[in-house]
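First the structure, in the form of structure tokens, and then the observations on it.
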Number of protein chains: 2
Amino acid sequence: MIRIGKLAHQSQVSRDTLRFYEKHGLITPSARTDAGYRLYAESDIKRVGFIVSAKKVGFTLNEIQQLLQLEVTKDIKSCQDVKEFVDHKIQLVNEQLTETRRIKKSLETLSEACCGGDEPATQCTILDTLNR
Amino acid sequence: MIRIGKLAHQSQVSRDTLRFYEKHGLITPSARTDAGYRLYAESDIKRVGFIVSAKKVGFTLNEIQQLLQLEVTKDIKSCQDVKEFVDHKIQLVNEQLTETRRIKKSLETLSEACCGGDEPATQCTILDTLNR
DNA sequence: CTTGACTCTGGACTATACTCTAAGGTTTAT
DNA sequence: ATAAACCTTAGAGTATAGTCCAGAGTCAAG
Ligand SMILES: [Zn+2]
Ligand SMILES: [Zn+2]
Ligand SMILES: [Zn+2]
Ligand SMILES: [Zn+2]
């Protein structure tokens, strides 16, 4: 059983973040000392690792909470359930990708139409376009 | 000079949003009635149009504030200034694109490794990977 | 036995972009 | 004249993901 500072160091997150995750139901220390210090067991440490890994692949905290539900109840969940969850996330990411690409294109079109010269921007096509 | 409701309708934003923009220094009505009602002139209407257009191509409100500065002082700004601003934004968008692509790849790798079958997820490669 | 390192709680603050509510005043149409 | 529609303000709430702080208690070492 380790205390919060050590877990924070090991997991590369801040103490504040661990307490924040706790407040949002992502992780709860298995025990407390008499003085009220949080004590984390092996399983808690693993759980934090899970959260960190899931963050790295782009899941939000809300999604991670759902993933943790799947993990904890994996006996009564199927690979299908898990895969569907990930595939749904991929769809969301794809939508975001499409939107970001659209924005990139718009900006590039804007940029390409502008001469970028030294003259005053009174006739700048970028400003003109935004003014339409 | 039109009132907020009409401008909101014309510009396809809510009254609340217009007041929100005002609070954040993006637009100020040219006048007020005796009763304190906001009155918007032609130039105000154009300015809202500018904001809406800029939003559509992905600028944040903060960036739009800077763009409006460029627009207002276009006499003493050059096309170069404007283009550089846009090009800098394109860089930011590209970074976001790179990150989102990385996430997509990670998720796809995750998904592809999972059989997606009916059996319990006790050995699911997705959960295993996140637990590492 | 005191100093420094560590921990606790609750709450405020950051950034982004609104959205909604309450309580009240104004304008317009019938 | 009165009801509907419109407007005002301040402030709270939403979602996301923390970060920081104050004031106080705890623990190990010299
Ligand atoms: Zn030019
Ligand atoms: Zn230009
Ligand atoms: Zn499987
Ligand atoms: Zn699986």
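We name chains A, B, ... by the order of the sequence lines, and we start the count at 1 in each one. Just so you know, these numbers use all the heavy atoms, side chains as well, and skip hydrogens, waters and symmetry mates. Everything numeric in this text was worked out from a predicted model, so none of it was measured.
Taking side-chain N and O atoms only, B:Arg32 has a distance below 4.0 Å to OP1 or OP2 of D:dT9. Here A:Thr17 does not reach the OP1 or OP2 of D:dA17: none of its side-chain N or O atoms lies under 4.0 Å away. In this model, the phosphate group of C:dC6 is not approached by any side-chain N or O of A:Arg15 to a distance below 4.0 Å at OP1 or OP2. Within the 4.0 Å cut-off from OP1 or OP2 of D:dT19, at least one side-chain nitrogen or oxygen of A:Ser14 is found. A close approach under 4.0 Å does not occur between any side-chain nitrogen or oxygen of B:Arg38 and OP1 or OP2 of D:dC7. Between A:Tyr21 and D:dA17 there is no side-chain N or O to OP1 or OP2 distance below 4.0 Å.
Two residues are said to be in side-chain contact when any heavy atoms from C-beta on lie closer than 4.5 Å; B:Val57 and B:Phe59 meet this criterion.
B:Ser11 contributes no side-chain N or O that, together with a main-chain N or O of B:Val48, makes up a donor-acceptor pair within less than 3.5 Å. A side-chain donor-acceptor contact under 3.5 Å links B:His24 to the backbone of B:Phe20. With hydrogens and angles disregarded, a donor-acceptor distance shorter than 3.5 Å links the side chain of B:Thr129 to the backbone of B:Thr125. Side-chain atoms of A:Glu63 come within 3.5 Å of backbone atoms of A:Thr60 as a donor-acceptor pair (strictly under, hydrogens ignored).
At whole-Å resolution of the value, CZ in A:Arg3 and P in D:dC27 are 8 Å apart. Following rounding to the nearest Å, A:Glu63 (CD) and D:dT16 (C1') show an atom-to-atom distance of 11 Å. In this structure, A:Glu22 places its CD atom 18 Å from P of D:dA17, rounding to the nearest Å. The interatomic distance linking B:Asn62 (CG) with C:dT14 (C1') rounds to 13 Å, in whole Å. The distance between atom CZ of A:Phe20 and atom C1' of D:dC20, rounded to the nearest whole Å, is 14 Å. Between A:Leu18 atom CG and D:dC20 atom C1' the separation is 16 Å, expressed in whole Å. Here C:dT16 presents its P atom at 9 Å from CG of B:Leu61, a figure rounded to the nearest Å. In this entry the distance linking CD of A:Gln65 with C1' of D:dA17 reads 13 Å, nearest Å.
Judged by closest nucleotide on DNA chain D, A:His24 is the one of A:His24 and A:Thr33 placed further toward the 5' end. Take the nearest nucleotide of DNA chain C for B:Asp16 and for B:Phe59: the residue whose nucleotide is more 5' is B:Phe59. Summary of the strand contacts: A:Lys23 and A:Asp34 both lie near DNA chain D, and taking for each the nucleotide with the nearest heavy atom, the more 5' one is attributed to A:Lys23.
Here B:Arg19 lies in heavy-atom contact (under 4.0 Å) with a base. Note on B:Thr60: only backbone sugar-phosphate atoms sit closer than 4.0 angstrom, heavy atoms only; bases stay farther off. Among the protein residues, A:Lys55 comes within range of the sugar-phosphate backbone only, with heavy atoms under 4.0 Å from sugar or phosphate atoms but none that close to a base.
For C:dG25, its base sits under 3.5 Å from the side chain of B:Tyr37 at one donor and acceptor pair at least.
Each of A:Asp44, A:Thr33, A:Leu39 was checked for a side chain to side chain contact (heavy atoms under 4.5 Å, CB included) with A:Met1, and the lone residue meeting it is A:Leu39.
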